[in-house]
Amino acid sequence: MNVASTDWNAWVPIALALPLVSFVVSFWMGPRYGWLVPLMATALLLAGWVCTTVILVDHSAGTSHFAVPWFSLGTDVIPIGWWLSPRSVTMLWVVYTISLLVHVYSIGYMAGEGGIARYFAWLGFFTFAMGGLVVSSNLLVTFCCWELVGLSSYRLIGHWHQQPAAGAAATKAFLVNRLGDIGLLVALMLLWSRAGTLDMPALTAMALSEETKTAVGLCVLLALAGKSAQFPLLHWLPDAMAGPTPVSALIHAATMVAAGVYLFVQLHFLFSADALAVAAVVGLLTLFVGGWGALTQFDVKKILAYSTISQLGLMVAGVALASPEAGFAHLFTHAFFKAGLFLGAGALIHAVSRHGHAPQQDIRHMGGLWQSHRLVLVCFAVCAASLAGMPLTSGFLSKEGLLLHVRHHSFYFGVMATASFVTTLYSARMVFYLLSPTPQAAATHPVPAIMQLPLFVLSVGSLFIGLSASPLSIQSWWPVFDAIESAPWVMVVSLAVLVVGVGVAWRLYRHRPTATLHARWVPQTWLDAAQKHIAVTPALQASRLTHHADRRWLDGVLHAASYGYVTCSFVIGWVDRVLIDGWVTTVTHAAKGGGKLFRSLVNGKIQSYLAWGMLALLSFMVWMLYQLAHR
Amino acid sequence: MIATHHIFILSALLLSVGVFMLLTKRNAILILMGLELILNAANLNLIAFNQRYADALAGEAMAVFVIVLAVCEAAVGVAIILQAYRHYATAVPDQISELKDPA
Amino acid sequence: MGLLLLVVPVRFQSVFRMAALVVGVAQLILFALLLASFDASQPWHGLEQAAWFSIDLGTWGKLQASYLVAVDGLSVGLVGLSVLVLLLAVVSSWHVQENIKGYWSLLLILNGSIIGSFCALDLLLFYVFFEFMLIPMYFLIGIWGGPRREYASIKFFLYTLAGSIFILMGIILVYLSYQDPTQPAVAHTFNILHITNPLQLLIDSPLYTADATLGSYRGWTFLLFFLGFAIKLPAVPLHTWLPDAHVEAPTAISVILAALLLKIGGYGLLRFVYPVLPDAAQHFSPWVAGVGLLSIIYGAMNALASKDLKRLVAYSSVSHMGFVLLGLASGTSEGVGGAVYQMISHGLISAMLFLLVGVLYDRTHDRQISHYSGLAERMKPFTAFVLIAFFASMGIPGFSGFIGEVMIFLGAFRAAELGIFGLWIAITATTGLLLGAAYYLWTIQRMFFGPFHSRAGEHNLVPLTTREYVMLLPLAVATILLGVFPQLLLHYINPFVQAFLVSFSSLTD
Amino acid sequence: MSAADYFFYGWCLVMVAGLWAMAVSKKLIHAALGLLSCLVALAGIYALLSAELLAVIQLMVYAGGVLVLILFGIMLTGRLSDKPMRIESRNVAVGSVIAAGLFITLIVFVGPAFLSVTSTGSPGSLRTLSLALFSEYTLAFELAGVLLLISLIAGAVIASSRQS
C-alpha cells in the first residue's frame, strides 16, 4: 500500500499539537506554578481554536488528504495523517470551540480546587485526542484516539478520586467504553482482513460485500453504543456525572459521546441495510429510555445526562433512518445547547452549593434564583428551548431536518414525533423547577463573569443565528439540505407537539411535585442490575472459578502427581532395598551361609565332621536305594 | 512271634537317636552314650535276624563280640575323656581344639 | 565484537554490586555500539564462531558443536531489552543485604546466560545457556525469596527442567536430520543457520517426511518443542509455576523472570521451531492459537480474582504471553511481527509493573490489594507510574502494549480470513482486552482511589527515591516511545519477519 | 496278639522313654538313667527273642559294666568342673534333620524289605550258642578276650597316666 500524501496543511498539526503541549506543560509546571496552568492552558487552547477556525474557513468545501507512514507491518504500511472534509473540519471546530469555552469556564469553576494542573492537563489531552479522532485518515489512528478520549474521560470522571463514587463511575465508564472499543477493534480487524486497508479514503472507494458490511456495521454499532451511550450500554453516562461539571459539558455532552455518532456518520458507507436497521432500533430505544430516564430524575446533571442519552439516540436513529448529514446537523446543534445546559447547570450548582458540603444538584432545591442569577437562568432557558426544539433555536432546525427526512415513513415519523414530545416534556419540567420563585434557604454565591461568558456564548450559539438565514427552514443552512423539499405539515406537527408538550408539562409540574419515583422505574437501576447479573457477577464468579481451578485443580493435579511420584519413589526405594537388594543380600547371605556351611567341613569340630559324614552317608544311601528301587 | 519289621523300626529308632546324640550333644560322655545306642541298634538287628536263620547262630555270636567291643570302647573312651578333661578342664568337645586349624 | 564480553561476565570477587553495575553499563554501551553498526538489511550481525568441542563417534560421524553467536532483527531487540532490564535489576537490588557475594555472582551468571541464549546460533549452545539460566534462578528464588520460596523454587525448577527435557529431545531429533554442507565429514549439525535451511535436510533422517500431522516425526518434534517452550512461555495449563515463582521471588528476580525468561519461550519458537517445522507449525496452528486464547482469557480471569498485587501482575503476564502465541499461530507478517513486538513490549511493561510492586513492598511489606485505599493521595509520582504501567499493560494506545496487541489482532484476523484458524478464536481473544482493563481498573479503583487507608500505616509511604526514579523512568519512557514510534523497533523486526515468512512459505508451498 | 507281643511293646515303650530322656534331658544323670532303661529294655527284648545268653550278657556287661563306667565318668568330670552337669546341645536342627532323615530312609527304603521276613521261630538255646562260640568261633572269641584285656589295661593306663 502506498501512502498518499496530497495536501499538507500546517494548521492541522499545529492545532492538534497545541492541546498536547498544554497537557505536557501542565503536568510539568503543575507542582510549582499551579496558578499559571489554567491561564496557560486556556491560552494554548485559544491558539488552537484560532487554527481550527482557519482550517474551517479554508476547507469549507472539498476534501484533502495527507498521510505519512507511521509504522510498517511486513510490506504493509500503516499511515498516519488527516483527511479533511467539510464535516470533519466542522466537527474539529466544534470540539475546539466547546473545549475553549469549557477551559474559560473552568478557570472560574475550578478555582480553589485541588489538582487543577491535572485537570487542565487532561482537558488538553482530551482535546488533542478528540481532534485526532475527528481528522484522522486512518482508522487505526482513529481507534487510538478513540481509546485515548476514553482514557481522558476516565481520568476526568475520576478527577475527585477521593470520592469512592467518582472512582467507581470512572471505572464503569471506562469498562463499558472498552467493551465498545472491542467492537471497533473487531470491526477494524475485519476490515483489515477483508479489505486489506484501514485508510479512510481507500475504504470509501472500495466495494465491500454486504455480509462484510453487516458484520463491520454491527461491530461499529457496538463501538458507538459504548461511546455514545446507546442502549444497552448507556448506564455509565449518568454515573459519569460524578466528574466536574465542565467535564460533563465537554466530554459527556458535546464531544466525546458525540464521537460515536460522528464515527457512525463517517463510516455510514460501511453499513449495510441490515446494520442500519439494527442501528435505528437501538437509537429509537435509546431515545425513549433516555427520555424516560430524564423524567425520573431530580438531579439536574442526571436529567441532562439522560437527555444527552436521548438526544444521542435521536442522532443515531437519524443517521440510520434519515441521512448522515441530518444526524450530523443535530450533533452540531446539540453540542452547543447541551454544553450550554451543562455549563448553566454548573453555574447554578455553584450558586447554591455551600463550601464544604456536597454540591447541591437537586432541582427541587435550586429554585428562587431569578433575582440573583438572571443571566444564567436566561441562558439556561434558551439552551433548554433549543433542546425542546422551540422555533428560532438551532434545535428546532436540526430536528426539523430529521423529521423532514423520515416524513415518508409514518411509523418512524410517529416515533420521532413522540420522542420530541418527551423531550419537550422533560425540558419544560426542568425549566419550570429552576425558574420557580421558591426562596433559597441560604445565601447564594454570585457566578463569576468568567463563567457567565462561555455560557452566554453557548446560548447565542443555540439560536438559529449563524446557522440559517431563515429561523424556520433547514434548507438554507447547509447545501446538502437543499435537495430536500420542504413540507409545511412537518413543521406544523412539530410545533403542535411542542405546544402539547409544554402544556402537559405545565399541567404536571406547575406545582413542583416532589415525590420521587420508585427506584425500579429509573432506567439506571435495571441497567445496573442487568450489568451486574449479566456481566460483572458472572465474570467475577468465573474468575474465582478459574482461580480456584488454578490453585486447586491444576496445582492439585500437580501436587497429586508429585505426591504420587514421591510415593512411587518410596515404593521403588523399598523394592530396591528389600527386593532387589534383597536378592543381593540373599545371594550374599547364601554365599556366606554356604561358606559357613562348607567351612564347617573343616572347622575342626568332630561333631560337624560327623554330621557331614552322616549326611554323605545318608545321601549315598538314599541315592543308592532309590537306584535300587527303580532299577 | 514278634514281627521282624517292628524290631527293625525299633533298631532304626535307636540308631537315629544315637546319631542325633552323637551330632548334637556337647558333652563327651553323652556322645559316648550315643555310640552305645548305635551299637545296641546293631545288636538288636543282629539278634532279630538271627531268628530268621536260627540254626546258623552267626548273629548271636556276632552280637556277643559287639558287646565286647562296646565294653572295650567304653572303657577306653571314658579313660580318654577323663584324661582330656584333665588336660583341657572341659568335657565339651568343641573346646578341644587341637584338631582345628588355628583360626 | 563485544559480544564475547556480553556473554561471559567475569565473576568479581570484591565490590560486587559495583562490578555488576559496571558490567551492566558496559553492556549498555556495547549494545549501543552494536546498534550503531547494525544494518537491518543484513541477515546476521556480529557473527562469531569458534569450535567448541568435537567428539568422534566412529561410524556415527562426529558430534560437533561450536560457539556460534550473532544477532538479527529478532534477537537485537531482545538483547537490548535484556541489557536494559538486567541493568535495572541491578539497580533495583541495590539494597540486598543477605549473602551479597552469592547474590551478585548468581545475577551475573544469569545475565550471561540470558544474553547468551538470545545470541546463540548453535542449538547445543542455546540449550546449554537455556539450562544455565535455571540454576542461578533456582537459587535466587530459593535463597532470597519470600516465605514459600522453597516450594516456589522447586516448582519452578521442576517445571522448567521438564520443559528442557522435551526441548532436548527435539534438539536431538533435529540434530540427526541436518547436515553441515561445509563439513561433509561431520554428519550432523547443531548450527541454526543450517537447520533452518530445508536444503540441508538429510534424506531418510527422522524429519525427512512430508507428513507433519500428529504421530509423524515432524509432528512429534514440533509438539516436543512446543511443550518445552510453552512451559517457559508459559501457556495455560502449564503456567502454575509462574505465579508462585513471581510471588516468592525478590523484586529484581521477578523482573528478570517476567521480562526476559518468559521471552525465551517465544524466542525459541521463533528462532528455530517454526523455521524448521513450518508445515507442522501450520498444521498445529489452530491448537497453538487455542492455547494462546486459553492463556489470554484464563490468565486475565485469574488476575481478576487475585488478591495479591504481585500475583495479579504475574497472571497478567500469562495473559499477555498468550497474545504472543496467538500472533505466532497466525503465521502472518502482522501476527509474527506483533508477537516479537509484544514480547519486547511486555518485557518493558512487566519489568515496570514488578518494579512498582517492589517499590510498594519495600515500604510496607504488604501486597494485599485490599489493605490499601486512596494511595493516589499520598504517593502521587508512584501513582503516576502505576497508571502508566497499568495503562500500558492494558493496551492503551500510545504505549507499546497497544502496538503489539493490535499487530497480533491484525495477524489473527487475517489468519482467520485465510482459514488458518477459526474467526471465533480471534474475536474471543479481543475480550482479553476487556478483561485486562477490568482487573487493572478495579485494582486502581480499590488501591488508589477513595479515601486514604493503608494497613501498614502511612509513615512508611516515603516518596520515591532517586534510585527508584532511575529504574522506573527509562522503562516508562521506552514504553511510550515504542508506543508512539513503533517503527523504531519494527525497523529491526520487519526484515526478520520477512525472512521468517519466506522460509515459512517455501516449505509449505 | 500273644503275651510275648505285649511284653515286646511294653519294652518298646520303656525304651522309647529312655531314648527320649537321653535325647532331650538336661541332666546328665537323667540321660544315664535313660540309657540304663534302654539297655534293660533291650535285654528284655533279647529274652523275648529267645536269645537268653545275650539278654544276660546285656544286663551284666552293659547295664552293670558299661553303665557303671559311664557313671564313674560322669561323677569324675563333675567333680572336676565344680559345675552342675548340664547338658548342652548344639546344632539340634541339623542333628535332628539328619537323624530323622536317617530314620525315614531306613523305614521307607529298607523297612519294606523285611515285611515279608518272618521269623522261623526256632529258638536258639544257650547250649547251642555256647557250643558254637567255643567251636566255630573260638578264634574270634579268644581274640575278643585279648582285645578286652588290652582295652582294660589301656583304659587304666590312659586314665591314670600323668601329665608330664
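Letters go in sequence order (proteins before strands), and every chain restarts at 1. These numbers come from the heavy atoms of this one structure, side chains and all, not from hydrogens, waters or symmetry mates.
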Does any heavy atom of chain D fall under 4.5 Å from the side chain of B/Met21, the backbone, both, or neither of them?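 Just its side chain gets close to chain D.
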Between B/Val17 and chain D, with a heavy-atom cut-off of 4.5 Å, which part of the residue counts as in contact: side chain, backbone, both or neither? side chain
Could you state the interatomic distance from [atom1] ([X]) to [atom2] ([Y]), rounded to the nearest 0.5 Å?
X: B/Leu39; Y: D/Tyr62; atom1: CG; atom2: OH; value: 5.0 Å
X: B/Leu10; Y: D/Leu19; atom1: CG; atom2: CG; value: 7.5 Å
X: B/Leu15; Y: D/Leu102; atom1: CG; atom2: CG; value: 4.5 Å
X: D/Leu35; Y: B/Leu30; atom1: CG; atom2: CG; value: 9.5 Å

Do [X] and [Y] make a side-chain contact, defined as non-hydrogen atoms from C-beta onward lying under 4.5 Å apart?
X: D/Val92; Y: B/Phe20; answer: yes
X: D/Phe103; Y: B/Ile9; answer: yes
X: B/Glu36; Y: D/Leu67; answer: no
X: B/Leu44; Y: D/Leu42; answer: yes
X: D/Leu54; Y: B/Ile67; answer: yes
X: B/Glu60; Y: D/Leu53; answer: no

For chain B, which candidate among D/Ala93, D/Gly155, D/Ala99, D/Cys38 shows the most heavy-atom pairs at distances under 4.5 Å? D/Ala99
For chain B, which of D/Gly101, D/Gly18, D/Gly65, D/Ser96 has the most heavy-atom pairs under 4.5 Å?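 Of the options given, most contacts go to D/Ser96.
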Which pair of non-hydrogen atoms, one from B/Met33 and one from D/Leu28, has the smallest distance, and what is that distance? CE-O, 4.3 Å
Closest approach of D/Gly95 and B/Thr24, non-hydrogen atoms and distance?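 The answer is CA-CG2, 3.7 Å.
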Relative to the ring of B/Phe65, is the ring of D/Tyr137 parallel (under 30°), tilted (30 to 60°) or perpendicular (over 60°)? perpendicular
